[in-house]
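Remarks on the structure that follows.
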Amino acid sequence: MDILALILSVVGCVNWGLVGILKFDLVAWLFGAGSVLSRIIYTVIALAGLWCITFFFRKSRLGQEAE
């Protein structure tokens, strides 16, 4: 689950980078601006980002053993 959340967060970061630099929304281009599928993808990426917040509050980090 953690790796999937990180991958989705990176996808969201790349998309926002494209929006900020080139004014190009990759998700909207691929799935249609305002379409139900685009909204689902944005929601899943947002949930992945929220999941990644939990990394800050864990005793162990990804790839490290708990001490």
Side-chain angles (χ1 to χ4, degrees):
M1 184 71 150
D2 292 343
I3 298 300
L4 179 61
L6 282 172
I7 290 169
L8 290 172
S9 293
V10 169
V11 168
C13 291
V14 168
N15 191 58
W16 276 111
L18 288 171
V19 170
I21 296 168
L22 303 175
K23 295 183 182 179
F24 177 71
D25 188 342
L26 182 63
V27 173
W29 181 74
L30 288 173
F31 302 105
S35 71
V36 172
L37 188 54
S38 289
R39 292 178 61 206
I40 291 170
I41 291 170
Y42 290 133
T43 302
V44 168
I45 290 174
L47 291 172
L50 291 173
W51 180 268
C52 288
I53 291 172
T54 67
F55 297 167
F56 292 112
F57 304 103
R58 295 183 188 178
K59 187 167 184 119
S60 65
R61 300 286 183 230
L62 286 176
Q64 296 178 349
E65 295 294 322
E67 296 177 16

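Nothing fancy with the numbering, it's 1 onward along the sequence. Heavy-atom basis, side chains included; hydrogens, waters and symmetry copies ignored. Please read these numbers as outputs of a predicted model, since none were measured by experiment.
- When the side chains of ILVMFWY residues are joined at heavy-atom separations under 4.5 Å, either directly or via intervening members, V11 and F31 end up in a single hydrophobic cluster.
- Atom CH2 in W29 sits 7.0 Å away from atom CG in L26 (nearest 0.5 Å).
- Counting non-hydrogen atoms of other residues, nucleotides and ligands closer than 6.0 Å to CD1 of I21 gives a total of 12 or fewer.
- Here the side chains of W51 and L4 are not in contact, with every heavy-atom distance at 4.5 Å or above.
- Checking side-chain atoms of S38 against main-chain N and O of G32 turns up a donor-acceptor pair under 3.5 Å.
- A continuous path of ILVMFWY side-chain contacts below 4.5 Å connects F24 to L30, so both sit in one hydrophobic cluster.
- L18 contributes atom CG, which lies 11.5 Å from atom SG of C13 (distance to the nearest 0.5 angstrom).
- Residues L37 and I41 meet the side-chain proximity criterion, which asks for heavy atoms closer than 4.5 Å.
- Note on V44 and I3: separate hydrophobic clusters, where clusters join Ile, Leu, Val, Met, Phe, Trp and Tyr whose side-chain heavy atoms are under 4.5 Å apart, directly or indirectly.
- Minimum interatomic distance between V27 and N15 (heavy atoms only, all atoms of both residues): N-OD1, 3.3 Å.
- I45 and I53 end up in different hydrophobic clusters when Ile, Leu, Val, Met, Phe, Trp and Tyr side chains are linked at under 4.5 Å.
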